[in-house]
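All remarks here apply to the structure that follows.
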Amino acid sequence: MDNFFQRAFSVVKQIPKGRVSTYGQIAHMIGEPRKARYVGFAMHQSPGVAGGVPCHRVVFKDGSLAPGFAFGGPDAQRELLEAEGVRFLENGKVDMKHFLWEA
DNA sequence: TTCCTGACTTTAC
DNA sequence: AGTAAAGCCAGGA
């Protein structure tokens, strides 16, 4: 496990329930704002929610989800976030205005 | 070593 | 406002 991945996981794990974050935000927090793509790649390799990495709380900068690449599909991700109290906009995006996690 | 690709982001048309 | 292209870093062929 590369240190980069471990740091990315640590940040994602720190995301409080009912809150979401973006790849770029996380990448910037771990000191690698140019590696936003690798953050997403880390999520792809993440052990999953059971492993302590709620990758479903990580969304695009505009609040949209990964189309077709999510752990179990965008629908499952939306359902999980809604279960945590995250509101969704009519356009299918997360309400970043009030649910975007800020360190 | 060069080219291609990717759970991203930003800028331009 | 919506769509298209470029930029970015790292790894694989």
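In what follows, every chain begins at residue 1, and chains take the letters A, B, ... in the order their sequences are listed.
Going from atom CZ of Phe9(A) over to atom P of dA7(B) covers 15 Å, rounded to whole Å. Atom CZ of Phe69(A) and atom C1' of dG6(B) are 9 Å apart (whole Å). When rounded to the nearest whole Å, the span between CG of Asp62(A) and P of dT10(B) equals 10 Å.
Residue Ala36(A) is classed as a sugar-phosphate contact, given heavy-atom separations below 4.0 Å to backbone atoms only. Contacts of Phe71(A) with the nucleic acid, taken as non-hydrogen atoms under 4.0 Å apart, include base atoms. Counting non-hydrogen atoms under 4.0 angstrom, Ala27(A) reaches nothing in the nucleic acid.
Contacts of residues 86-103 of chain A with DNA chain B (heavy atom under 4.0 Å): none.
A perpendicular orientation is assigned to the rings of Phe5(A) and Phe9(A), their planes being inclined by more than 60° (bins at 30° and 60°).
Remark: the backbone N or O of Ser10(A) is paired with a side-chain donor or acceptor of Gln14(A) at under 3.5 angstrom.
The environment of CZ in Phe88(A) is crowded: more than 12 heavy-atom neighbours from other residues, nucleotides or ligands sit within 6.0 Å.
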Let me have a per-nucleotide readout for nucleotides 8-13 of chain C, 5' to 3', with B, S or -, counting only protein heavy atoms under 4.0 Å.
BBBS--
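Leu80(A) belongs to a hydrophobic cluster whose other members, connected by ILVMFWY side-chain contacts under 4.5 Å either directly or through intermediates, are Phe71(A).
Put simply, the side chain of Phe69(A) does not reach to within 4.5 Å of the side chain of His44(A), judged on heavy atoms.
On the C1' atoms, dA7(B) is 23 Å away from dA13(C), given to the nearest whole Å.
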